[in-house]
A.B. asks: 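Following this message is one structure expressed as structure tokens.
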There are 2 protein chains.
Amino acid sequence: MANKVTLKQIAQEVGLSPSSVSLVLNNRPCRISEENRKLIKEVAARNHYVPNQIARSLVMRESRTLGLIVPNIESRFFASLAGSLEKRCREDGYALFITSSGGSADDDLELLRQLVTRGVDGVFLVVGDEFSDDRALREEVSHLPIPAVMVDRAIEGLECDKVMFDHEMGGYMATRYLIEQGHRRIACLVNARRSNTGRKRLAGYERALREVGLPIDARLEFESEYYIPSAYEASEAVLATDATAVFASSDNIALGLLKRLHEMGKSIPGDISVVSYDNSAADVLFEPALTAIEQDPGVLAEHAFGCMSKRLAGRGGRRAEEVVLEPALIVKGSVLELTECS
Amino acid sequence: MANKVTLKQIAQEVGLSPSSVSLVLNNRPCRISEENRKLIKEVAARNHYVPNQIARSLVMRESRTLGLIVPNIESRFFASLAGSLEKRCREDGYALFITSSGGSADDDLELLRQLVTRGVDGVFLVVGDEFSDDRALREEVSHLPIPAVMVDRAIEGLECDKVMFDHEMGGYMATRYLIEQGHRRIACLVNARRSNTGRKRLAGYERALREVGLPIDARLEFESEYYIPSAYEASEAVLATDATAVFASSDNIALGLLKRLHEMGKSIPGDISVVSYDNSAADVLFEPALTAIEQDPGVLAEHAFGCMSKRLAGRGGRRAEEVVLEPALIVKGSVLELTECS
DNA sequence: ATGAAAGCGCTAACAG
DNA sequence: CTGTTAGCGCTTTCAT
């Protein structure tokens with residue numbers, strides 16, 4: 001293991017002052033002789049000199065590092081978001097500190113502090129628990145000494161930049177599409193109890209029904225957490241109804257439903273139609289591929305970075321910005337067009 | 001956006017010296033009066049004081065931060081590894097800087113520098129390209145001023161701690177199991193061209209055949225990259241052989257194969273038996289679940305952290321440590337027992 | 001064309 | 001019980 005070599009040491013070896021070395025190594029406009037420039041660079045390279053960004057941040061008061069907190073890096077959607085965001089940050093010379101909370105507000109708070117303390121210039125926050133009453137997190141966020149951008153999910157009523165897809169619209173689009181294909185008995189499987197996004201998707205579902213005068217039937221609304229086993233459990237009841245179609249409001253929920261369908265030997269869309277929510281995992285496997293509401297993580301990342309960029313450049317407005325993105329309905333083959341009406 | 005508040009400011013407000021405040025806020029054993037302690041803590045809290053870890057690292061010469069480089073955070077296996085490792089680090093008070101390279105040696109090098117420069121105390125490296133001839137990366141790794149642990153994959157011949165599952169053994173176990181179940185014509189689908197892990201798994205496959213005197217038939221060995229579409233393509237040829245079983249040597253490879261099987265209306269294990277490699281994704285969906293070689297990312301994380309810990313504590317030996325873990329064969333339901341022999 | 005000096009926010013002796 | 005001092009590695013102004 002080599003030793004850490006410092007600017008001073010390089011300076012000594014070259015026989016110049018640290019300032020000169022600093023100037024040259026940072027390619028600053030300055031009048032150091034071509035000869036010495038070369039020498040400095042050569043010595044630095046030979047010694048495997050790596051500038052101490054820590055020291056540098058301290059004096060420059062910026063680290064060119066951003067932080068990201070996701071509830072669970074093992075979820076495909078967040079992993080993909082993290083990947084996109086990192087790429088985007090790197091393009092602008094920022095490193096991204098990706099962290100994964102356990103999904104609790106406590107963890108979020110802890111990680112947030114960790115990041116701030118480590119001198120990130122800004123933080124992207126995908127909160128784990130939108131309904132947390134933990135005032136500590138809200139407090140922390142609103143007193144942050146650096147810009148924060150909430151991504152995908154938001155704590156309501158918190159003055160802070162936000163970038164997310166329109167979940168209500170997603171629920172609406174999915175349901176609307178099923179209606180247009182002739183479905184009248186449409187079940188939905190949502191996480192409305194514990195998730196704000198779930199509630200919004202449910203609201204969209206109901207709006208679509210209401211809009212065409214279809215009844216909102218509580219017996220067709222099913223609850224599931226964002227985990228496959230939970231959806232698998234709930235699906236039995238869903239499939240016991242007379243619904244001809246179901247709106248599965250998350251990727252994992254769709255997977256649980258699919259597993260149950262597969263097990264019961266039911267086929268899609270022959271026996272039942274399904275609209276899923278950004279379900280890249282299942283798409284790979286299933287034939288026909290699933291018609292779904294898609295939220296491109298790359299787009300989310302792009303806008304999130306945009307907000308952050310503005311703030312970092314001091315071009316952010318006084319008020320928080322709120323970016324709402326339209327999801328897309330991607331029609332594939334999991335919905336049957338019904339010609340007869342019920 | 002609140003301002004950053006410093007120790008000095010707190011000290012001023014309290015009317016004590018920065019050192020006293022530092023002592024108290026770090027809970028150091030010292031003789032500050034109970035009264036003043038309380039006062040300091042109260043003022044710090046009221047002002048949302050967050051210690052500047054950057055400044056602290058500079059003087060303490062450690063950041064209690066570790067770095068992780070994975071080729072692709074969007075891969076389930078790496079995401080899971082990252083998740084486990086982060087949890088493990090956090091348990092010991094370390095933050096983990098997760099970064100995702102594009103899979104090239106250039107990126108690895110760049111990220112490695114980024115991490116070192118930002119003062120991580122050590123780095124976990126899952127290299128993107130094991131066959132890179134880029135001497136720059138090897139050079140960099142061997143001149144690192146901090147401990148490095150290579151995880152899951154390794155650049156051969158590099159003196160550096162390594163922790164990984166025994167890929168050769170995995171290939172062997174999978175094939176051996178198929179043989180024991182009565183299979184004689186066993187195809188394999190591996191990434192031997194571009195991946196060292198692939199080569200080792202192939203070697204294990206061949207060893208198992210050789211061991212029982214079965215011929216090694218090049219017409220049963222198929223090449224696929226670690227991507228679903230690649231495996232999907234390759235699978236057509238695999239299924240055109242007279243093989244009764246196939247060893248799919250990675251999760252994505254198994255998924256591509258499954259997709260093709262599903263499309264052709266072939267069933268598992270009725271038409272063909274499959275042994276897969278740590279395939280949590282497909283498991284969720286398929287009935288029967290896939291018999292597979294499993295590499296627990298949590299175990300990998302645990303050992304990697306162990307190595308790192310030792311180095312950080314200065315308890316590492318002079319020579320690099322190499323930990324090789326045994327994968328496990330998890331028998332589920334995708335292999336048919338053949339009673340007649342061919 | 002180059003160097004000296006100050007200081008970023010913090011900690012660690014040591015001196016009161 | 002508490003304050004002073006020095007210094008971590010770097011950048012930056014200002015002298016020379």
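Within every chain, numbering begins at 1; the chains are lettered A, B, ... in the order of the sequence lines, protein sequences first and strands thereafter.
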A.B. asks: Below 4.5 Å, heavy atoms only, C-beta onward: do A/Val120 and A/Leu66 meet side chain to side chain?
C.D. replies: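 With C-beta onward as the side chain, the pair stays apart.
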A.B. asks: Compare the minimum distances between each of D/dT11, C/dT11, D/dT12 and the side chain of A/Leu7, then state the nucleotide with the smallest one.
C.D. replies: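 Side chain of A/Leu7 sits closest to D/dT11.
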A.B. asks: Could you tell me how far apart A/Gln53 (CD) and C/dC8 (P) are, to the nearest whole angstrom?
C.D. replies: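 Between P of C/dC8 and CD of A/Gln53: 19 Å.
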A.B. asks: Choosing from D/dC10, C/dT11, D/dT2, which nucleotide comes nearest the side chain of B/Val59?
C.D. replies: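 Within the option list, the nearest is C/dT11.
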A.B. asks: Under the 3.5 angstrom rule, does the side chain of B/Asp108 hit a backbone N or O of B/Gly128 as a donor-acceptor pair?
C.D. replies: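 Side chain of B/Asp108 to backbone of B/Gly128: a pair is present.
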A.B. asks: Counting only N and O atoms by type, is there a donor-acceptor contact under 3.5 Å from the side chain of B/Arg64 to the main-chain atoms of B/Asp92?
C.D. replies: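 Side chain of B/Arg64 to backbone of B/Asp92, a donor-acceptor pair under 3.5 Å: yes, one is there.
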A.B. asks: Would you indicate which nucleotide in C/dC10, D/dG3, C/dG3 comes nearest to any side-chain atom of A/Ser19?
C.D. replies: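 Of the candidates, C/dG3 comes closest.
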A.B. asks: Write down the distance between CD1 (A/Ile10) and C1' (D/dT11), rounded to a whole number of angstrom.
C.D. replies: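 From A/Ile10 CD1 to D/dT11 C1': 16 Å.
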A.B. asks: Do B/Glu156 and B/Asn196 have side-chain N/O donor and acceptor atoms under 3.5 Å apart?
C.D. replies: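 There is such a pair (donor and acceptor under 3.5 Å, judged by atom type) between the side chains of B/Glu156 and B/Asn196.
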A.B. asks: Rounded to whole angstrom units, what separation is found between the CE atom of A/Met60 and the C1' atom of C/dG7?
C.D. replies: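 My rounded result for the distance is 15 Å.
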A.B. asks: Base, sugar-phosphate alone, or nothing: which one does A/Ile54 contact when heavy atoms must sit under 4.0 Å apart?
C.D. replies: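 Result for A/Ile54 = nothing.
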A.B. asks: Counting side-chain heavy atoms from CB outward, which of C/dG9, C/dA12, C/dC10 is closest to B/Arg56?
C.D. replies: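 In terms of side-chain proximity for B/Arg56, the closest of C/dG9, C/dA12, C/dC10 is C/dC10.
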A.B. asks: Expressed as a whole number of angstroms, how long is the span from A/Glu34:CD to C/dA1:P?
C.D. replies: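 So the CD-P distance, A/Glu34 to C/dA1, works out to 11 Å.
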A.B. asks: Whole angstrom is fine here: how far is it from CG in A/Leu58 over to P in C/dA6?
C.D. replies: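 Taking CG of A/Leu58 and P of C/dA6, I get 18 Å after rounding.
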A.B. asks: Is B/Asn36 close enough to D/dC1 that one of its side-chain N or O atoms is under 4.0 Å from OP1 or OP2 there?
C.D. replies: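 The answer is no; no side-chain N or O of B/Asn36 sits under 4.0 Å from OP1 or OP2.
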A.B. asks: Take the protein atom CZ of B/Arg118 and the nucleotide atom P of D/dG9, then report the distance between them rounded to whole Å.
C.D. replies: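 So the two atoms are 19 Å apart, to the nearest Å.
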A.B. asks: Any base atoms under 4.0 Å from B/Leu23, or only sugar-phosphate, or nothing? Heavy atoms, all strands.
C.D. replies: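 Nothing, no heavy atom under 4.0 Å.
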A.B. asks: Please tell me if B/Asn26 has a side-chain N or O lying less than 4.0 Å from either OP1 or OP2 of C/dT11.
C.D. replies: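 The answer is yes; a side-chain N or O of B/Asn26 sits under 4.0 Å from OP1 or OP2.
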A.B. asks: Whether B/Tyr49 contacts C/dC10 is assessed here as follows: a side-chain N or O lying under 4.0 Å from the phosphate OP1 or OP2. Is that the case?
C.D. replies: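 For B/Tyr49, the contact criterion (side-chain N or O under 4.0 Å from OP1 or OP2 of C/dC10) is met.
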A.B. asks: Quick one: which of C/dT2, D/dT11, D/dC10 gets closest to the side chain of A/Ala55?
C.D. replies: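 So the nucleotide nearest the side chain must be D/dC10.
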A.B. asks: Heavy-atom nearest nucleotide on DNA chain D for A/Val5 versus B/Ser17: which residue maps closer to 5'?
C.D. replies: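 Mapping each residue to its closest nucleotide by heavy atoms, the 5'-most match is B/Ser17.
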A.B. asks: Compare the minimum distances between each of D/dC10, D/dT12, C/dT11 and the side chain of B/Ser22, then state the nucleotide with the smallest one.
C.D. replies: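 Within the option list, the nearest is C/dT11.
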A.B. asks: Classify A/Thr6 by what it touches in the nucleic acid, base, sugar-phosphate, or nothing, heavy-atom distance under 4.0 Å.
C.D. replies: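 Since only primed, P, OP1 and OP2 atoms lie under 4.0 Å of A/Thr6, the category is sugar-phosphate.
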A.B. asks: Kindly point out which of C/dT2, D/dC8, D/dT12 is positioned nearest to the side chain of A/Leu16?
C.D. replies: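 For A/Leu16, the side-chain atoms sit closest to C/dT2.
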A.B. asks: Would you mind reading off the distance between A/Arg37 atom CZ and C/dA1 atom P, rounded to a whole angstrom?
C.D. replies: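 Answer to the nearest Å: 11 Å.
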A.B. asks: Answer yes when A/Lys38 and A/Glu34 have at least one side-chain N-carboxylate O distance shorter than 4.0 Å, and no when they do not.
C.D. replies: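 Between A/Glu34 and A/Lys38 there is no salt bridge, as every charged N stays at least 4.0 Å from the carboxylate O atoms.
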A.B. asks: Quick one, A/Tyr94 and A/Met308 - any side-chain contact, counting heavy atoms below 4.5 Å?
C.D. replies: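 Side-chain contact under 4.5 Å: no.
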A.B. asks: Starting from the 5' end of DNA chain D, give me the residue, B/Ser33 or B/Arg61, whose nearest nucleotide shows up first.
C.D. replies: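 First, find each residue's nearest nucleotide; the 5'-ward one identifies B/Ser33.
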A.B. asks: Closest to the A/Ser20 side chain: C/dG3, C/dC8, C/dC10?
C.D. replies: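 For the A/Ser20 side chain, the nearest candidate turns out to be C/dG3.
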A.B. asks: Check the distance between D/dC10's C1' and A/Leu25's CG and give it to me in whole angstrom.
C.D. replies: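 Atom CG in A/Leu25 sits about 12 Å away from atom C1' in D/dC10.
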